[in-house]
Asker: 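One structure, pasted below without further comment.
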Amino acid sequence: MRFSGRTWQVWEVLVSRDVFTSAMEIHQALWSRGDTISVTAVYRSLHMLVDAGQVDVLLGPDGQHRYRRCSPTAHHHLLCRQCHRAVEVHDSLPGQLSNGRLRDIGFADDSIRITLVGLCADCSPT
Ligand SMILES: [Zn+2]
Ligand SMILES: [Zn+2]
């Protein structure tokens with residue numbers, strides 16, 4: 001990857017955490033360690049990383065886009081709505097959404113990602 005210094009700073013924050021993180025949280029993390037980066041630069045960097053396929057983005061249950069460094073192979077997400085931790089699911093699509101069915105309704109299946117939102121073990125009340 002060849003990115004600007006700003007993008008590397010954003011990348012470092014993403015690499016250091018396993019949860020889906022909003023642009024504002026990344027911005028805060030950088031400021032708290034003394035990197036005076038603008039929110040605009042954070043967003044621009046995130047878009048570059050997403051375009052480069054290095055980072056996944058999804059719309060969190062709080063209505064904010066959240067970003068995470070994921071494995072490069074296609075996968076779905078189990079997302080905790082409280083701590084935004086995510087588990088990658090590499091199984092194929094459930095039967096009702098099989099490739100043939102999707103083609104029947106005119107959908108290409110190459111980039112479909114499913115996000116299941118719930119509570120992780122740590123956040124579940126026992
Ligand atoms: Zn992912
Ligand atoms: Zn959780």
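Atoms within a ligand are numbered from 1 in the order they appear, just like the ligands themselves.
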Asker: Enumerate, atom names and distances included, each donor-acceptor pair closer than 3.5 Å involving a side-chain atom of residues 27-34, sequence neighbours excluded.
Answerer:
unit_1, atom_1, unit_2, atom_2, d
His27, NE2, Trp31, NE1, 2.8
His27, NE2, Ile37, O, 2.9
Trp31, NE1, Ile37, O, 2.7
Ser32, OG, Gln28, O, 3.3
Ser32, OG, Ala29, O, 2.9
Arg33, NE, Asp35, OD2, 2.6
Arg33, NH1, Glu12, OE1, 3.3
Arg33, NH2, Glu12, OE1, 3.1
Arg33, NH2, Asp35, OD2, 2.9

Asker: Enumerate the protein N/O/S atoms at a distance below 2.8 Å from the Zn ion (ligand 2), ignoring waters.
Answerer: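 Sorted hits: Cys80 SG, Cys83 SG, Cys120 SG, Cys123 SG.
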Asker: Among all residues two or more places apart in sequence or in another chain, which pass the ring pair (Phe, Tyr, Trp, His ring centres under 6.0 Å) test with Tyr67?
Answerer: none
Asker: Considering the options Leu79, Val19, Leu78, which one meets the side chain to side chain contact (heavy atoms under 4.5 Å, CB included) requirement together with Arg85?
Answerer: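 Passing option: Val19.
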Asker: Kindly assign one of parallel, tilted or perpendicular to the pair His77 and Phe20, based on the angle between their ring planes and the thresholds 30° and 60°.
Answerer: perpendicular
Asker: Taking only protein atoms, how many N, O or S atoms are found under 2.8 Å from the Zn ion (ligand 1)?
Answerer: 4
Asker: Would a distance-only check, ignoring hydrogens and angles, find a side-chain to backbone donor-acceptor pair under 3.5 Å from Glu88 to Ser71?
Answerer: yes
Asker: Any chance you could measure Arg17, atom CZ, to Thr21, atom OG1, to the nearest 0.5 Å?
Answerer: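 Going from CZ on Arg17 over to OG1 on Thr21, the span is 4.5 Å.
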Asker: Can you measure from SG (Cys80) to CG (Asp122) and round to the nearest 0.5 angstrom?
Answerer: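 Rounded to the nearest 0.5 Å, the SG-CG separation comes out at 8.5 Å.
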Asker: Can you tell me how far the CD atom of Glu25 sits from the NE2 atom of His84, to the nearest 0.5 Å?
Answerer: 7.0 Å
Asker: Between Arg68 and Asp18, is a salt bridge (charged side-chain N to carboxylate O under 4.0 Å, His left out) present by the stated rule, with each step listed?
Answerer: CA-CA 7 Å; Arg68 178 178 181 268; Asp18 194 32; 3.0 Å; yes
